[in-house]
Amino acid sequence: MRMLDLYPAGTRLQLGTVVFTAQDIIRFAEQFDPQPFHVDAEAAKSYVFGALCASGWHTCANWMKSFIAFWERETKRLLADGLAPPKLGPSPGFSELQWLKPVYAEDTITFYMSPLESRTVQGRHRYILNSALSEGVNQHGETVLRFKSNLIEFFPDEEIAP
């Protein structure tokens with residue numbers, strides 16, 4: 001079964017939901033994006049966002065974590081139903097990354113992926129390249145994150161090279 005057969009183009013898949021706590025925002029930012037509006041709630045008040053907010057990279061990392069958890073659940077579900085899940089590989093990249101609204105402490109973000117299209121890629125190894133619209137939406141229904149993602153899918157009857 002191919003990914004686009006399983007989830008037709010335009011299907012909006014809910015990947016998971018994450019609450020961004022102040023503690024998590026600060027912990028991530030101290031290690032990866034130590035700008036004042038990500039690490040100091042008091043200092044953040046004088047910046048354009050007006051309050052402590054998550055790094056965009058923190059939001060993206062949680063999208064990825066949600067996708068991996070979603071795919072693990074889906075794989076188990078498909079196997080339990082007697083179906084062979086698509087063999088997904090790595091992502092060759094993404095495009096059009098947009099951080100549309102700040103993610104503040106205690107915001108709840110629900111992450112989505114909507115498959116758009118797939119095409120076969122011929123080369124040293126033949127594979128399917130799936131593209132999707134990926135998003136994060138806050139508890140107010142506002143889109144805070146959007147990007148186009150790509151995901152490799154291997155043909156089920158072919159060996160996956162190490």
Side-chain angles (χ1 to χ4, degrees), residues 1-34 38-39 52-119 121 127-156 158-162:
M1 178 170 283
R2 291 180 50 176
M3 189 167 193
L4 211 57
D5 295 332
L6 188 58
Y7 314 111
T11 302
R12 193 173 197 207
L13 304 169
Q14 185 172 323
L15 306 178
T17 299
V18 175
V19 176
F20 284 73
T21 67
Q23 182 181 11
D24 289 338
I25 288 170
I26 292 167
R27 184 176 31 246
F28 182 94
E30 284 176 338
Q31 190 167 5
F32 300 108
D33 191 357
H38 297 320
V39 296
L52 184 73
C53 62
S55 165
W57 298 114
H58 187 189
T59 310
C60 288
N62 274 287
W63 180 94
M64 188 71 215
K65 183 178 179 181
S66 295
F67 173 76
I68 296 298
F70 166 81
W71 191 245
E72 288 174 354
R73 291 188 309 271
E74 281 294 276
T75 297
K76 288 178 184 173
R77 180 186 70 79
L78 291 167
L79 289 170
D81 289 346
L83 300 171
K87 290 183 185 179
L88 300 184
S91 170
F94 63 92
S95 63
E96 301 179 37
L97 174 61
Q98 297 173 296
W99 293 309
L100 300 165
K101 294 207 172 267
V103 174
Y104 293 108
E106 304 312 318
D107 274 356
T108 300
I109 308 300
T110 301
F111 295 103
Y112 298 93
M113 183 180 82
S114 302
L116 298 172
E117 63 183 5
S118 70
R119 63 183 173 90
V121 177
Y127 60 89
I128 300 163
L129 182 62
N130 295 297
S131 64
L133 178 65
S134 300
E135 300 173 292
V137 178
N138 68 18
Q139 69 274 13
H140 306 295
E142 301 166 319
T143 302
V144 299
L145 169 70
R146 181 183 298 132
F147 61 97
K148 288 186 180 172
S149 54
N150 296 303
L151 184 62
I152 289 175
E153 178 180 346
F154 298 101
F155 284 93
E158 295 183 18
E159 288 293 314
I160 300 171

Chemist: In the structure I gave you, are the side-chain heavy atoms of S134 and R146 within less than 4.5 Å of one another anywhere?
Modeler: no
Chemist: Counting C-beta onward and ignoring hydrogens, is there a side-chain heavy-atom pair between K76 and L79 closer than 4.5 Å?
Modeler: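 In short, these two side chains do not touch, never coming nearer than 4.5 Å.
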Chemist: What residues, two or more places apart in sequence or in another chain, satisfy side chain to side chain contact (heavy atoms under 4.5 Å, CB included) together with S118?
Modeler: R2, L4, I128, N130
Chemist: Taking only residues two or more places apart in sequence, or in another chain, which ones meet N150 in a side-chain hydrogen bond (donor to acceptor under 3.5 Å, both in side chains)?
Modeler: none
Chemist: Do the side chains of T143 and Q98 get nearer than 4.5 Å, heavy atoms only?
Modeler: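 With C-beta onward as the side chain, the pair stays apart.
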Chemist: What distance separates N138 CG from F20 CZ, expressed to the nearest 0.5 Å?
Modeler: 11.0 Å
Chemist: Could you pull out all residues at least two apart from R73 that satisfy salt bridge (charged side-chain N to carboxylate O under 4.0 Å, His left out)?
Modeler: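 Residues passing salt bridge (charged side-chain N to carboxylate O under 4.0 Å, His left out) with R73: none at all.
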Chemist: Using side-chain hydrogen bond (donor to acceptor under 3.5 Å, both in side chains) as the criterion, list what pairs up with T108, not counting sequence neighbours.
Modeler: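 So T108 forms no side-chain hydrogen bond (donor to acceptor under 3.5 Å, both in side chains) with any residue.
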Chemist: Considering residues at least two apart in sequence or located in another chain, which fulfil the ring-ring contact (aromatic ring centres under 6.0 Å, His included) criterion with F70?
Modeler: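 With neighbours one apart ignored, the set is empty.
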Chemist: Where is the tightest heavy-atom contact between F28 and A61, given as atom of each residue plus distance?
Modeler: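 Nearest heavy atoms, F28 then A61: CE1-CB, 4.3 Å.
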Chemist: Identify the two heavy atoms, one from P115 and one from T11, that lie closest to each other, and give their separation to 0.1 Å.
Modeler: CD-O, 3.1 Å
Chemist: Output, in order, the C-alpha distance, side-chain angles, deciding distance and verdict of side chain to side chain contact (heavy atoms under 4.5 Å, CB included) for D24 and R27.
Modeler: CA-CA 5 Å; D24 289 338; R27 184 176 31 246; 2.4 Å; yes
Chemist: Just verifying a value: how many Å separate L15 CG and M64 CE, rounded to the nearest 0.5 Å?
Modeler: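 Spacing of CG (L15) from CE (M64) equals 10.0 Å.
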Chemist: Only pairs at least two apart or in different chains count here, so list each ring-ring contact (aromatic ring centres under 6.0 Å, His included) that has a residue in residues 77-99.
Modeler: W57-W99, F94-F147
Chemist: Answer yes or no: is there a side-chain heavy-atom contact under 4.5 Å between L145 and L97?
Modeler: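 Yes - at least one pair of side-chain heavy atoms lies under 4.5 Å apart.
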Chemist: Should T110 and S66 count as side-chain neighbours, where that means a heavy-atom distance under 4.5 Å?
Modeler: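 Counting from C-beta outward, T110 and S66 never come under 4.5 Å.
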Chemist: Which heavy-atom pair separates M113 from A132 by the least distance, and what is that distance?
Modeler: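 Residues M113 and A132, closest heavy atoms: CG-CB, 3.5 Å.
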Chemist: How long is the straight-line distance from CG of D107 back to CD1 of I25, given to the nearest 0.5 Å?
Modeler: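 The CG atom of D107 is 7.5 Å from CD1 of I25, to the nearest 0.5 Å.
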Chemist: Can you find a heavy atom in the side chain of N62 that is under 4.5 Å from one in the side chain of I109?
Modeler: no
Chemist: Report yes if some heavy atom in the side chain of L88 is under 4.5 Å from a heavy atom in the side chain of F67; otherwise report no.
Modeler: yes
Chemist: Could you pull out the closest heavy-atom pair between E153 and Y127, with the gap in Å?
Modeler: O-CB, 3.6 Å
Chemist: Atom NZ in K101, atom CD in E142: separation rounded to 0.5 Å?
Modeler: 4.5 Å
Chemist: Any donor-acceptor pair under 3.5 Å linking the side-chain atoms of W63 with those of T59?
Modeler: no
Chemist: Got a second to check how far L52's CG is from Q23's CD, nearest 0.5 Å?
Modeler: 12.0 Å
Chemist: For D33 and S55, which heavy atoms make the closest approach, and how far apart are they?
Modeler: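 What the structure gives for the nearest pair is OD2-OG, 2.7 Å.
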Chemist: Is L151 close to W71 at the side-chain level, that is, under 4.5 Å between some pair of heavy atoms?
Modeler: no
Chemist: How many angstroms lie between CD1 in I26 and NE2 in H38, if you round to the nearest 0.5 Å?
Modeler: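 With rounding to 0.5 Å, CD1 (I26) is 11.5 Å from NE2 (H38).
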